[in-house]
Amino acid sequence: MRKPDVVCAEIPSRADAIANARELGEPEPGMLKWTRICRIDEIPRLGARVVRRGVAPNIAVFRTASDMFYALADRCPHRGGPLSQGIVYGERVACPLHNTNVELDSGCAVAPDKGRVQRFMVKVEADFVYVDLEIQADGNH
Amino acid sequence: MKTMKLVCVGNGMAGVRTIEELLKLAPDLFDITIFGAEPHPNYNRILLSPVLAGEQTLDEIVLNDREWYAQHSITLEAGKKVTTIDRVRRVVVADDGTEAEYDRLLLATGSNPVILPIPGNALEGVLTYRDIADTEAMIEAATRCRNAVVIGGGLLGLEAANGLRVRGMDVTVVHLLDSLMERQLDRTAAKLLQNSLEARGLKFLLPKQTSEIVAGESGSVCAVRFKDSETISADLVVMAVGVRPNTALAQAARLHCSRGIVVSDTMQTFDPRIYAVGECVNHRGIAYGLVAPLFEMAKVCANHLAGFGIGRYPGSLTSTKLKVTGIDLFSAGDFVGGEGTEHITLSDPVAGIYKKLVLKDEKLVGAVLYGDTLDGAYYFRLLREGRSVTDVRDRLMFGEANLGDTGHLGQNRAAAMSDDMEVCGCNGVCKGAIVKAIREQKLYTLDDVRKHTKASSSCGSCTGLVEQLLISVAGADYSAAPRQKPLCGCTDHTHAEVRKAIRDEKILTITDALLLLGWRTPNGCAACRPALNYYLISTWPHEARDDPQSRFINERAHANIQKDGTFSVVPRMWGGITNSSELRRIADVVDKYAIPTVKVTGGQRIDLLGVKKQDLPAVWRDLDMPSGHAYAKALRTVKTCVGSEWCRFGVQDSTRMGQELERALWRMYAPHKVKLAVSGCPRNCAESGIKDVGVIGVDSGWEIYVAGNGGIKTEVAQFLVKVKSHDEVLEHAGAFLQLYREEGWYLERTVHFVHRVGLDYVKKRVLDDPEGRKVLHERLLFALKGEPDPWAERASGIGRQEFESLEPATEAAL
Ligand SMILES: Cc1cc2nc3c(=O)[nH]c(=O)nc-3n(C[C@H](O)[C@H](O)[C@H](O)COP(=O)(O)OP(=O)(O)OC[C@H]3O[C@@H](n4cnc5c(N)ncnc54)[C@H](O)[C@@H]3O)c2cc1C
Ligand code: HEM
Ligand code: SF4
Ligand code: FES
């Protein structure tokens, strides 16, 4: 398997990230609590894995064909279907229950469906995927 | 970065549509300039008639307002007519001297009305009917003048005549032949049409040849004289005697023209940098005069302009509707008929209804409907699909509604429904919601409606109804679906084309398929990837590699996902036979994994519902029974009755036959799920009549039925053949299923497959050609050979990752 480049879906560098986060009113990276989830190759390309963190909802960590990683609440905005079980294509996932399509980067359902899924911060470092299991990328707990 | 320059000459329906299609494919490729001789932005020419009749306003028929051009950074040179193309310098020059360079040139100059070569044809008060200026002139004339003469009894002439009559003029239609709209209607329908137009106050003179238009004292027209010297007075004359492709510009540039600018199937003229679309072209000898074909040309042309190079325009079938409110008229295809054709006609002069269908070789080739055109879309679809109508022939005339309920081929009278009546039972969408969405969101296609309302997006049985609503709300001209539907939004290729390419080019991976077939998306979507995956593995068994990420979760996890995210497990029970040790193991598994629900299925086996995903491999291990594939587009169950072993009526051992079939066919993936049944005598307790393959024991052997369906819309299986031995049953059933596997489209059940290709075709392949049958059967056996039991594999630890969730390591912060 081709070794993926180190990709950081949310935070390019610490300094940038802090500046960026302040601007957006998001939590600053210093406050993040990274939890190591798995090795990169434990998530299939165009697939996802579920992280159980003790409280609902579970978190789904997706990997695209171009090795971008995204973490979303594993709960479809339509009727709560497990997005982690859907088909991943491009930068989207199709819910397995009624085919609502959700954008992985924004968490928004693709029109004409409506709704939004909580996003979580992800970083990839030295072949491992880390997620902040508590703080949502939108800043509201 | 925009590196290339595209100039479009002609700011009409075909040209602008091509630009729209192009922007969808390659928004940034070109700097675009559009020249239009008319001073308006692009408008819907076909709605000029409702404007003339006062039913719509000019503002309402604009398709692309000026803002649209600005938004897409398109330079609009409205009111400028291009007079020269310099093909050496690659520049076009307009009548006011404006120049524009091009790398690609698109000609969409439309056509010009034919003007009769008779004295007086240029007098004031003589008009043609083509554009906004003509329409405005007619509206203005109607306020001043009394007597109008319309020359030409075709579609345009009649629409013009009707509009002028509605505006209060005294209108006479003059036609050279003795029958109106002779290119679209047979005599009977034409006569009915003439009667109802006469009832609205139109006068007709036919057959009649015009010889001169006579000027009055003021110099403008005052009368029309005919060859037989009869003269009638007229202060407005409208010539609507046909159109001629507008090739003047192309001819001056020495592009090959012959009754239109001659183009190839890729819409290229003889100068490969110059493309042409619309009414101005001659494609394979035909110049089209309706918008539906032009839109198809636009699609192909845009694809080639964008540099994708896929798709050819093979020509179109067209249908016609007259846009005169209150008159329902539809015609399509070869409605006259000739050698080797048969007619079915229905005529009810009292109710003013006339219908004629023309059949050839068991297929519908033409239709004329007058008075009741509700089924026009249905007939046109049959015509385009070219499918055999043998099975529905005796009911064909009564339309789609009479074929049954609202099923795939069925269509109730959508117009008669009230707004709160439900159209889509799967998603609970009523008529009112669909009509509202079509109006407010300006939806034109079935796909749009599916996306916005979810109606018709699940089982599809209400498709006919939704199409009818589209037609009645958005107008027939737009809803005419593309000739054949592309596989999904990622491509223009149809299922048939994709299957063929995979076979001919020996494509083995999804990545190659997406690349070679020029998919618009990097890795497809949730609709096309599963289809492609199936096509690959069914066409190239043991060579193409299955891609789990392109399968729906059920097939990836080998269990059915339930609404709460748990799964259900249905072990295989050969022919519905089980025993105490299997039942004991099932009971133990239920206890051990605290499985909440145990249900006996309709398919004679047992369903364990509510199993957690992570428990699946262990459940399978403890069950130690093969996968029932209840989750897959594959062979599900073979239902049997007890048969001759116990039953006092039984004449054949249906249980053993069923088990033999099931053991031979299990693990067989197919375009959709496949169910079989075997009964031991014609009492048919196993319900063989509603199965994909149903087998019924009779005294002397077995009867085989195919293409039944017990689902949303019950379809009775059709008799295929009677055979003697078990081996023959296995070979015939196998060959039929292999044919379906090889030629069916993904998600097409056998019933729809057989509807599409015709039972005769199936018989030809499976019955009339014993060698071919053997080969089909062998190919099936080859495909299934060595195919593992997915549960046993996973119980032994293969693919563990799919079933395990990740447990976060508790590790330090950044
Ligand atoms: C009254 C009426 C009713 C109709 N009803 C129907 C119907 O019900 N159903 C149906 O399918 N079809 C109908 N049609 C036919 C349909 O409108 C045409 O098939 C369609 O508009 C043709 O599109 P086009 O782009 O090829 O040509 P057009 O729409 O005619 O566009 C060509 C444009 O190019 C411009 N042009 C030409 N030469 C030059 C030049 N040298 N420089 C710059 N600009 C130039 C013209 O001014 C024109 O605006 C109807 C037509 C009319 C007139
Ligand atoms: C005298 C003849 C018949 C006998 C002795 C008989 C007996 C049975 C029995 C014992 C059952 C099982 C009932 C249960 O599940 O509790 C059954 C089920 C059934 N019978 Fe009959 N039956 C006869 C005739 C028929 C006929 C003629 C038909 C159909 C036309 C029929 C259709 C069915 C069906 C559909 C089932 C349910 C099968 C299932 O569980 O999936 N039976 N029959
Ligand atoms: S189909 Fe005939 S053989 Fe089979 S159970 Fe029914 S009655 Fe008996
Ligand atoms: S729960 Fe996701 S689409 Fe319905």
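In what follows, every chain begins at residue 1, and chains take the letters A, B, ... in the order their sequences are listed.
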For B:Tyr593, check ring pair (Phe, Tyr, Trp, His ring centres under 6.0 Å) against everything at least two apart and list the hits. none
Top of B:Pro522, B:Gly524, B:Pro530 for chain A proximity - count of heavy-atom pairs under 4.5 angstrom: B:Gly524
With a 4.5 Å cut-off on side-chain heavy atoms, are [Y] and [X] touching?
X        : Y        : result
A:Arg49  : B:Ser805 : no
A:Val50  : B:Glu804 : no
B:Phe552 : A:Ile87  : yes
A:Arg52  : B:Gln614 : yes
A:Tyr89  : B:Gln549 : no
B:Ile561 : A:Pro82  : yes

If you measure from [atom1] on [X] to [atom2] on [Y], what distance do you get to the nearest 0.5 Å?
X        : Y        : atom1 : atom2 : value
B:Asp547 : A:Arg45  : CG    : CZ    : 12.0 Å
A:Gln85  : B:Asn554 : CD    : CG    : 10.0 Å
A:Ser66  : B:Asn523 : OG    : CG    : 8.0 Å
B:Ile553 : A:Cys95  : CD1   : SG    : 11.0 Å

Heavy-atom distance under 4.5 Å to chain B: side chain of A:Val88, backbone, both or neither? backbone
Is A:Leu133 in contact with chain B via its backbone, its side chain, both, or neither, using a 4.5 Å heavy-atom distance? side chain
Indicate yes or no for a side-chain donor-acceptor contact from A:Arg92 to the backbone of B:Cys525 under 3.5 Å, with no hydrogens or angles considered. no
Between B:Glu807 (side chain only) and A:Val51 (backbone N and O only), is there a donor and an acceptor less than 3.5 Å apart? no
Checked A:Gly90, A:Gly54, A:Ala111 vs chain B; the most non-hydrogen pairs under 4.5 Å come from A:Gly90
Tell me, for B:Arg551 versus chain A, whether the close heavy atoms (under 4.5 Å) come from the side chain, the backbone, both or neither. backbone
